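Since the structure is predicted, the reported quantities are computational estimates derived from the model, not experimental observations.
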Amino acid sequence: MKIITNNEKETKRVAKKISAHLKPAMTILLEGQLGAGKTAFTKGIAEGLGIQRLLKSPTYTLIREYTKGRLPLYHMDLYRLEHSEDEELGLEEYFYGSGVSVVEWGSFMKEDLPKEHLMIQINVLNDPEKRELILEAYGEQYQNIVRRLEDE
């Protein structure tokens, strides 16, 4: 499924719609060039989950936890792990726990990620404000989310 947004506010609105369908132990993978809007998208997920705290990029911290919302949100950035040799990061505790995991740059550690997930590729279009969101669902519960978005 492809969605075109005209600005950051619209991108966050799409994320909020997705958040309405999220359940514990669900994972969203975000891919896109630097500055494409992965963290802005995650802010929309956080807002949709009722998280009031300011959401910051986890670029240097790997994982930021936001626990005061409808579900906990675990925001991960794996960009710095591209050449990592450490196999024991304990990410599965997040992936299969009580919250939702949003993972930026998950392609750097594909083998450690859940097989079932929602992949969202964020592309910057010719207009620097416009984004193309390409959603790919892996697993029935994620396919249901995409179907619901298509019906809206």
Side-chain angles (χ1 to χ4, degrees), residues 1-59 62-79 81 91-152:
M1 170 181 195
K2 289 184 184 181
I3 301 170
I4 304 294
T5 62
N6 291 312
N7 53 47
E8 185 175 303
K9 188 175 181 179
E10 285 185 19
T11 300
K12 287 170 70 175
R13 192 175 313 131
V14 171
K16 284 175 81 169
K17 285 182 180 181
I18 291 171
S19 72
H21 306 291
L22 296 176
K23 300 174 189 165
M26 293 187 99
T27 301
I28 298 174
L29 306 181
L30 300 177
E31 295 290 332
Q33 68 189 56
L34 290 171
K38 296 178 293 295
T39 298
F41 187 91
T42 306
K43 287 178 181 180
I45 294 285
E47 287 175 19
L49 292 175
I51 294 168
Q52 302 294 316
R53 249 177 75 196
L54 176 66
L55 189 128
K56 298 179 189 174
S57 175
T59 301
L62 183 64
I63 301 170
R64 290 194 186 269
E65 298 181 20
Y66 303 91
T67 57
K68 297 204 166 123
R70 179 174 68 82
L71 294 170
L73 172 64
Y74 308 120
H75 185 196
M76 304 175 195
D77 185 330
L78 303 183
Y79 184 75
L81 299 179
L91 297 179
E92 50 284 325
E93 292 177 30
Y94 293 101
F95 296 140
Y96 303 107
S98 61
V100 172
S101 298
V102 176
V103 183
E104 297 184 26
W105 304 100
S107 59
F108 291 150
M109 297 192 69
K110 281 184 184 175
E111 63 282 348
D112 295 323
L113 300 172
K115 299 291 182 240
E116 294 191 1
H117 58 269
L118 180 61
M119 164 67 90
I120 302 174
Q121 174 71 39
I122 304 175
N123 299 317
V124 178
L125 299 178
N126 291 337
D127 178 332
E129 293 296 313
K130 287 189 174 189
R131 300 293 184 266
E132 175 187 53
L133 309 176
I134 302 172
L135 285 68
E136 295 180 44
Y138 298 90
E140 187 175 337
Q141 62 183 348
Y142 299 97
Q143 291 167 355
N144 289 336
I145 291 173
V146 171
R147 278 194 287 275
R148 288 181 185 141
L149 288 175
E150 290 172 334
D151 292 341
E152 290 180 0

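The structure places OH of Y96 at 9.5 Å from OG of S101, a figure rounded to the nearest 0.5 Å. Rounding to the nearest 0.5 Å gives a distance of 7.5 Å between CD of E92 and CG of D112. Expressed to the nearest 0.5 Å, how far CG of L133 lies from OG1 of T11 amounts to 5.5 Å. Note that CD of Q33 is 7.5 Å distant from NZ of K38, once rounded to the nearest 0.5 Å. The OH atom of Y66 lies 13.5 Å from the CD1 atom of I45; values are rounded to the nearest 0.5 Å. Between Y74 atom OH and E93 atom CD the span is 10.0 Å, to the nearest 0.5 Å.
The two residues K56 and T39 come nearest to each other via the heavy atoms C-CG2, 4.5 Å. Nearest heavy atoms, I122 versus A36: CG2-O, 3.4 Å. The shortest non-hydrogen separation linking L71 to I51 is O-CD1, 4.1 Å. The two residues G48 and S19 come nearest to each other via the heavy atoms CA-OG, 3.1 Å.
For residues 140-150, no residue pair satisfies the salt bridge (charged side-chain N to carboxylate O under 4.0 Å, His left out) rule, not counting sequence neighbours. Legend: salt bridge (charged side-chain N to carboxylate O under 4.0 Å, His left out) pairs involving residues 120-130, not counting sequence neighbours: none detected. For the ring pair (Phe, Tyr, Trp, His ring centres under 6.0 Å) condition, the pairs that include at least one residue of residues 122-152, sequence neighbours left out, are H117-Y138. Applying the salt bridge (charged side-chain N to carboxylate O under 4.0 Å, His left out) definition to pairs two or more places apart or across chains, those involving residues 43-54 are K12-E47, K16-E47.
Put simply, the side chain of I4 does not reach to within 4.5 Å of the side chain of R131, judged on heavy atoms. Two residues are said to be in side-chain contact when any heavy atoms from C-beta on lie closer than 4.5 Å; T67 and L73 fail this criterion. The shortest side-chain heavy-atom distance between E104 and L78 does not fall under the 4.5 Å cut-off. Looking at D77 and L62, their side chains never come closer than 4.5 Å, going by heavy atoms from C-beta outward.
By the salt bridge (Lys or Arg N to Asp or Glu O under 4.0 Å) test, E132 pairs with K2, sequence neighbours left out.
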Would I134 and I120 satisfy side-chain contact (heavy atoms from CB on, under 4.5 Å), going step by step from the backbone distance to the final call? CA-CA 5 Å; I134 302 172; I120 302 174; over 6 Å; no
How far apart are the C-alpha atoms of F41 and E8, what are their side-chain angles, what is the distance that settles it, and do they pass the side-chain contact (heavy atoms from CB on, under 4.5 Å) test? CA-CA 8 Å; F41 187 91; E8 185 175 303; over 6 Å; no
Could you please spell out the steps behind the side chain to side chain donor-acceptor pair (under 3.5 Å) verdict for H75 and E65? CA-CA 6 Å; H75 185 196; E65 298 181 20; over 6 Å; no
side-chain contact (heavy atoms from CB on, under 4.5 Å) for K17 and L149? Distances and angles first, verdict last. CA-CA 8 Å; K17 285 182 180 181; L149 288 175; 3.8 Å; yes
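Within 6.0 Å of the CG atom in D151, the count of heavy atoms belonging to other residues, nucleotides or ligands exceeds 12.
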List the atom pairs, donor and acceptor, that lie under 3.5 Å between side-chain atoms in residues 21-32 and the rest of the protein, sequence neighbours left out.
from, atom 1, to, atom 2, distance (Å)
E31, OE1, S107, OG, 3.2
E31, OE2, G106, N, 3.0
E31, OE2, S107, N, 2.8
E31, OE2, S107, OG, 3.2

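Each of L135, V100, V146 was compared with I18 under the side chain to side chain contact (heavy atoms under 4.5 Å, CB included) criterion, and only L135 meets it.
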